[in-house]
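Notes to accompany the following structure.
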Amino acid sequence: MSEKHTVGVVARLVGVSVRTLHHYDEIGLVTPSDRTPGGYRSYSDADVERLHRVLTYRELGFPLEEIAALLDDPDVDALAHLRRQHALLSERIDRLHGMAAAVEKMMEAKSMGIQLTPEEQNDIFGDNWPGEEYAAEAEERWGDTDAWKQSQQRTAKMSKDDWKRIKAEGDAFEDALAQAMTDGVEPGSDRANALAEQHRAGIERFYDCDHAMQVNLAEMYLADDRFRRHYDDVAPGLAQYVRDVIVANAEKQ
């Protein structure tokens, strides 16, 4: 007989929020197969197994609609899903190992001012990283601004530990943005506004950034295909979501 699990237990088991489980239930992606006498969600072992499959596909960057179509395809059995996920995860692990090795090289640099080859930048930031193309473009566009001068001064003082922390915090922040989008957090809400302010604080490590300047950056993330691809590679649609979150927060200031 299958064991039953409450929503709180399942959330702890798989490492997601109760709100995420509620959202998955509401959209029919992972619907608990039973209810307790008090009307609370009750998940079977099979429900939890489906949830694990969903989370694996999410980790691989699949949108929720595509995950639902994959899992509900009557021509694909559970073993086929596992084989496909194993292959995709193996590819991602290989890529992450390569990126980790490249980050080790980057941490040896005393400051961001040390030039990396395009190959090294691609290894660290992925194929969509603008690299030297963006660096040259940025200097041409903003080289005579106070923001550019501040950025050069501040990055020159950063140690390898500083960059290690910034890289880790940046990755975690993008994951938090993607999770908020998945959870259906509306731009302009308290949680979304907190993320917008966290983004602005991250920019201010390098130069002073008021809300108007932050909005300009947000519009660039959406208008510039290089930045759009970077965010959308984290989660499809994230570039638009980031832009909307930043603009909605600025409008309330």
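The chain is numbered in sequence order, starting from 1.
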Fill in: Val16 and Tyr24: CA distance, side-chain angles, deciding distance, side chain to side chain contact (heavy atoms under 4.5 Å, CB included) verdict
CA-CA 11 Å; Val16 300; Tyr24 288 172; 5.9 Å; no
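- The salt bridge (charged side-chain N to carboxylate O under 4.0 Å, His left out) contacts involving residues 6-31 comprise Asp25-Arg35, Asp25-Arg41, where partners must be two or more places apart or lie in separate chains.
- In terms of hydrophobic clustering, with Ile, Leu, Val, Met, Phe, Trp and Tyr side chains grouped at heavy-atom distances under 4.5 Å, Leu222 and Tyr231 are assigned to different clusters.
- A single hydrophobic cluster is not seen to contain both Tyr40 and Val18; linkage of ILVMFWY side chains at heavy-atom distances under 4.5 Å, directly or through other members, places them apart.
- The backbone N or O of Ser44 sits less than 3.5 Å from a side-chain atom of Asp47, completing a donor-acceptor pair.
- With rounding to the nearest 0.5 angstrom, the NE2 atom of His23 is 4.0 Å from the CD1 atom of Ile27.
- In this structure, Met213 and Asp210 approach most closely via the heavy-atom pair N-OD1, 2.8 Å.
- Note that the CD1 atom of Ile67 and the OH atom of Tyr57 stand 8.5 Å from one another [nearest 0.5 Å].
- For the atom pair CG (Leu195) and CG (Asp190), the distance works out to 11.0 Å, reported to the nearest 0.5 Å.
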Practice prompt. Could you please spell out the steps behind the side chain to side chain contact (heavy atoms under 4.5 Å, CB included) verdict for Arg53 and Leu70?
Written response: CA-CA 10 Å; Arg53 292 180 198 159; Leu70 286 168; over 6 Å; no
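- Nearest heavy-atom pair, Arg50 versus Val30, reported as atom, atom and distance to 0.1 Å: NE-CA, 4.2 Å.
- Ring planes of Tyr221 and His199: perpendicular class, angle over 60° (limits at 30 and 60°).
- Within the 4.5 Å cutoff, side-chain heavy atoms of Glu174 are placed close to those of His230.
- Residues Val247 and Glu219 have side chains in contact (heavy-atom distance under 4.5 Å, counting atoms from C-beta outward).
- Taking each heavy atom of Leu51 and Val10 in turn, the nearest pair found is CD2-CG1, 3.5 Å.
- Side-chain N or O atoms of Arg243 include none that pairs as donor or acceptor with a backbone N or O of Ala218 at under 3.5 Å.
- Around CG of Asp72, the count of heavy atoms belonging to other residues, nucleotides or ligands within 6.0 Å exceeds 12.
- Tested against Val242, the residues Ile246, Asp244, Val245 include a single side-chain contact (heavy atoms from CB on, under 4.5 Å) partner, Ile246.
- Scanning all heavy atoms of the two residues, the minimum distance from Asn193 to Ala248 falls at OD1-C, 4.5 Å.
- For the pair Met220 and Leu217, the minimum side-chain heavy-atom distance is below 4.5 Å.
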For residues 176-188, run the donor-acceptor check on the side chains, cut-off 3.5 Å, and write out each pair with its distance to 0.1 Å, sequence neighbours left out.
from, atom 1, to, atom 2, distance (Å)
Gln179, NE2, Thr20, OG1, 3.1
Gln179, NE2, Asp183, OD1, 2.8
Gln179, NE2, Asp183, OD2, 3.4
Thr182, OG1, Arg58, NH2, 2.4
Thr182, OG1, Ala178, O, 3.0
Asp183, OD1, Thr20, OG1, 2.6
Asp183, OD2, Arg191, NH1, 3.3
Asp183, OD2, Arg191, NH2, 3.1

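- Contact detail for Gly237 and Asp232: the closest heavy-atom pair is N-OD1, 3.4 Å.
- Donor-acceptor pairing under 3.5 Å is lacking for the side chains of Glu251 and His211.
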